[in-house]
Amino acid sequence: MSCYLNQFPIEIFHIIFEYLWAHDILYSFRNINDYIDNILSNYQYYVVNFKSIRRSHFDLVCQLRADQIISLILSDNVDTPKQSRLFQSNFSIEQFTRLRSLKCIEVDDEDDVIFPHLFTLPQLRSVEIHLKFKVPLIIAPPSLRRFTIETSPKIQLNLDLGITLVQFGHLRELTLPICPCSYLQRIFYEASQLTALKISFIFLNPNDLTTLVNIHQYSKSPPLTSLSLSLTENCGTIKRIHIEQFLAPFKYLKNLELIIPSPTESQLADGRQWESFITESLPSLGTFHFNFYVLTINLRTLNQFRRPFWIDRRWYVACDFNQSLIFSVPHFAPTSRRHSLKPVPFHQTTLPIELYNALDNRVTQLILDSERKKSCSHYYRNIEKLKIYGHYIQKNLLDLSKVTSFVVNSPEWSFQRIVKSIEQSMPNVNHLSLICTYPNTDSFTKLEQIRTLVLPHYGELSDGDQCFIDWSCHFPRVERLTASVTSKKQIPFLIDQFKYLISGYFFALPSDIDMKKRIKLTPSWLIKHTQRLRGGKTNNFTCDIYDPCFLALSIWIDDKEKFDDNKTLVKNRKWSWGRCFT
């Protein structure tokens with residue numbers, strides 16, 4: 001049947017490929033016939049996403065030539081530890097002469113083989129780096145137009161050494177998680193073509209506020225059309241006039257986001273004054289999203305935003321009196337909600353009633369933390385992640401069929417009850433985290449839909465022979481596992497138990513380890529004691545041991561042999577292509 005595909009012109013395949021990741025293209029189309037294999041080998045616009053990828057798919061993509069790839073995502077997170085080093089064993093970054101976009105997630109480049117050599121990539125236009133601990137040395141090419149650094153808000157990083165050699169003069173878009181006064185001055189001085197800027201400005205000394213307000217006097221303002229500005233919590237007594245002085249020179253600004261999480265004066269939330277300032281100084285502004293922590297806030301404050309200037313532009317606002325917040329909705333409306341906390345009521349927003357009800361549809365994570373049933377006028381249609389802290393679920397509260405992640409943080413839920421709830425009401429759950437009693441060894445209940453299993457108390461609840469209960473009997477298709485352990489011997493047992501496992505994260509707190517009996521965990525010990533890691537080809541896994549003494553380990557396991565043996569899967573893949581033309 002695959003011969004029908006030979007009638008398709010190459011251009012049709014290229015259009016299809018534009019919507020698929022590289023590993024999906026290769027896995028779906030490879031080895032169908034010589035005609036398509038020739039198309040695959042000559043295609044030069046592959047978009048590669050290695051985030052949370054299977055090891056077998058990673059190896060498949062690494063068969064491509066570097067000059068066939070135009071976009072690349074590398075990731076060393078817990079799902080794919082040491083991936084960047086494995087990648088470097090197949091390629092050098094200098095080979096990617098046609099690469100346009102690079103995204104690195106927690107990539108460990110201690111040997112400086114990636115970031116200092118980006119300048120060798122003549123077509124690189126976008127670099128996005130998600131940092132874990134420190135800023136690497138980055139030397140970017142003049143072709144770079146978009147540069148982004150992201151990190152956890154809790155991590156304080158020094159950008160000076162890492163991005164000193166990044167040329168701001170050609171950038172169009174820039175995102176920095178931490179921007180001290182000195183860097184903002186550099187941006188304004190060098191980035192003459194910058195149109196989009198997203199920064200979190202930090203105040204290191206009292207004079208920084210003065211510098212922020214007067215920064216336009218020192219250098220020409222970049223022609224920004226989009227600005228996202230977050231001021232850190234130690235910004236002091238910042239006033240509305242300070243914000244106005246900083247924003248006024250940006251005459252071409254079309255999109256503005258402003259976040260001030262520290263206590264500010266009530267005038268910052270004065271709708272009439274903002275209306276006057278925007279009309280006079282920012283005439284091109286099309287969207288304005290803000291989130292302010294205002295010491296004094298009431299309905300009179302909110303009513304200023306009910307004027308036609310705001311309503312006609314659909315710039316709706318809400319107030320949370322309990323937290324002293326005034327913010328734009330739906331932009332800053334929460335996507336996670338606790339059932340025990342009342343949502344902002346309708347009269348504390350400027351939204352029309354039909355849009356207010358739509359706010360519930362934005363909520364994708366619901367936390368049921370209330371121990372008593374209560375009447376609720378809200379119904380959540382799009383909950384993807386459900387967390388349970390009590391002993392019941394109000395089924396009239398949400399559409400359970402949309403839930404894909406189910407987190408049970410209550411020991412009152414038995415294993416049998418969890419399984420029954422999933423089978424009867426949650427057909428799409430594939431991620432399960434549970435705290436419960438161990439399943440009955442006589443039970444034959446199976447949940448083959450579960451692909452990710454989290455057992456946060458596996459170690460501390462295990463004693464004696466219970467730690468060797470075969471969980472895979474109940475979850476036979478688990479691919480990703482997170483579990484606490486009290487002994488490193490539990491790790492090989494779990495890896496061998498779950499035959500389809502492709503990644504795992506195992507951890508223990510210091511309080512769970514006998515300090516006198518600690519034995520360091522090493523890759524060679526894992527190979528010696530884990531049957532799956534001993535068999536098959538060499539180097540069939542990578543791992544990152546964060547603390548050898550306290551057992552913090554992530555592992556990424558090759559699944560190639562498992563899928564090569566699955567003849568039915570391969571047969572069905574090719575059969576589906578034939579069926580399309582019959």
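Just so it is clear, the values below take in all heavy atoms, side chains as well, and ignore hydrogens, waters and symmetry mates. Predicted, not measured: the structure shown is a model, and the values here were computed from it.
Judged by distance alone, with hydrogens and angles left aside, the side-chain atoms of Asn428 form no donor-acceptor pair with the main-chain N or O of Val403 at under 3.5 Å. When atom types are taken as modelled, the side chain of Lys402 and the backbone of Arg381 share a donor-acceptor pair closer than 3.5 angstrom. Using a distance-only test at 3.5 Å, with no hydrogens or angles considered, no donor-acceptor pair links the side chain of Asn214 to the main chain of Gln217. His242 places a side-chain N or O within donor-acceptor distance of the main-chain N or O of Lys239, the cut-off being under 3.5 Å. Within the 3.5 Å criterion, the main-chain N or O of Val317 finds a donor-acceptor partner in the side chain of Thr350. A donor-acceptor pair is defined here as one N or O able to donate and one able to accept, closer than 3.5 Å; such a pair exists between the side chain of Thr80 and the backbone of Ser75. Here the side chain of Gln83 pairs a donor or acceptor atom with the backbone of Phe50 at under 3.5 angstrom. A side-chain donor-acceptor contact under 3.5 Å links Asn90 to the backbone of Leu86. In this structure a side-chain-to-backbone donor-acceptor pair under 3.5 Å is missing from Arg300 to Ile297.
Between Lys198 and Glu173 no salt bridge is recorded (no basic side-chain N to carboxylate O distance below 4.0 Å). Using a 4.0 Å cut-off between charged nitrogen and carboxylate oxygen, Arg55 and Asp559 do not count as a salt-bridge pair. Asp37 has no carboxylate O lying under 4.0 Å from a charged side-chain N of Arg30, or vice versa, which leaves the two without a salt bridge.
Judged as a side-chain hydrogen bond (donor to acceptor under 3.5 Å, both in side chains), the pairs with a partner in residues 112-123 (not counting sequence neighbours) are, in order, Glu94-His117. Within the structure, salt bridge (Lys or Arg N to Asp or Glu O under 4.0 Å) contacts touching residues 182-195 (residues at least two apart or in different chains) are Arg186-Glu190. Applying the ring-ring contact (aromatic ring centres under 6.0 Å, His included) test to pairs two or more places apart or on separate chains, those with a residue in residues 86-111 are Phe87-Phe91, Phe87-Phe96, Phe91-Phe96. The salt bridge (Lys or Arg N to Asp or Glu O under 4.0 Å) analysis of residues 63-74, with sequence neighbours excluded, yields the pairs Arg65-Asp67. Annotation: salt bridge (Lys or Arg N to Asp or Glu O under 4.0 Å) contacts involving residues 322-335, sequence neighbours excluded, are absent. Applying the salt bridge (Lys or Arg N to Asp or Glu O under 4.0 Å) test to every pair with at least one member in residues 263-292, sequence neighbours left out, gives these pairs: Glu275-Arg307.
Arg337 is linked by a salt bridge (Lys or Arg N to Asp or Glu O under 4.0 Å) to Asp360, counting only residues two or more places apart in sequence or in another chain. Under the salt bridge (Lys or Arg N to Asp or Glu O under 4.0 Å) criterion, Lys82 pairs with Asp544, not counting sequence neighbours. Under the side-chain hydrogen bond (donor to acceptor under 3.5 Å, both in side chains) criterion, Thr287 pairs with Asn255, sequence neighbours left out. By the salt bridge (Lys or Arg N to Asp or Glu O under 4.0 Å) test, Arg306 pairs with no residue at all, sequence neighbours left out.
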Evaluate Phe201 against Phe203 for ring pair (Phe, Tyr, Trp, His ring centres under 6.0 Å), listing each step before the verdict. CA-CA 7 Å; Phe201 188 84; Phe203 294 84; 4.9 Å; yes

Could you walk me through whether Asp59 and Ser56 pass the side chain to side chain donor-acceptor pair (under 3.5 Å) test, one step at a time? CA-CA 5 Å; Asp59 291 339; Ser56 59; over 6 Å; no

For a side-chain contact (heavy atoms from CB on, under 4.5 Å) check, start with the C-alpha distance between Ile502 and Ile557, then their side-chain angles and the critical distance, and finish with the verdict. CA-CA 5 Å; Ile502 61 175; Ile557 306 172; 5.6 Å; no

Show your working on side-chain contact (heavy atoms from CB on, under 4.5 Å) between Cys319 and Leu302 and close with a plain yes or no. CA-CA 7 Å; Cys319 289; Leu302 181 65; 3.8 Å; yes

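Taking the six-membered ring for Trp and thresholds of 30 and 60 degrees, His289 and His331 have nearly parallel ring planes, at less than 30 degrees apart.
For the 3.5 Å distance criterion, the side chains of Tyr546 and Ser554 qualify, holding a donor opposite an acceptor. Looking at Gln365 and Ser336, their side chains do bring a donor and an acceptor atom within 3.5 Å of each other. Asp76 and Ser84 are linked by a side-chain donor-acceptor pair at a separation below 3.5 angstrom, with hydrogens and angles left out of the test. When only modelled atom types and interatomic distance are considered, Arg146 and Ser126 share a side-chain donor-acceptor pair under 3.5 Å.
A cation-pi arrangement is not found for Arg98 relative to Tyr46, the charged atom failing to lie both closer than 6.0 Å to the ring centre and inside a 45° cone about the ring normal. For the pair Arg313 and Phe309, the cation-pi test (distance below 6.0 Å, angle within 45°) is passed.
Side-chain rings of Phe290 and Phe288 approach one another, their centers coming within less than 6.0 Å.
Taking 4.5 Å as the limit, every side-chain heavy atom of Leu231 sits out of range of all side-chain heavy atoms of Ile259.
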Name each donor-acceptor pair under 3.5 Å that joins a side chain in residues 220-228 to protein atoms two or more places apart or in another chain, with its distance.
{"residue": "Ser221", "atom": "OG", "partner": "His216", "partner atom": "ND1", "Å": "2.3"}
{"residue": "Thr225", "atom": "OG1", "partner": "Thr195", "partner atom": "O", "Å": "3.2"}
{"residue": "Ser228", "atom": "OG", "partner": "Glu257", "partner atom": "OE1", "Å": "2.4"}

For residues 14-25, dump all side-chain donor-acceptor pairs below 3.5 Å to protein atoms at least two apart in sequence or in another chain.
none

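Interatomic distance, CZ of Phe327 versus CG of Asn291, reported as 7.0 Å (0.5 Å rounding).
The two atoms that bring Trp274 and Ile243 nearest to each other are CH2-CG2, 3.8 Å, heavy atoms only. In plain terms, the two heavy atoms of Val294 and Ala269 that are nearest each other are CG2-CB, 3.9 Å.
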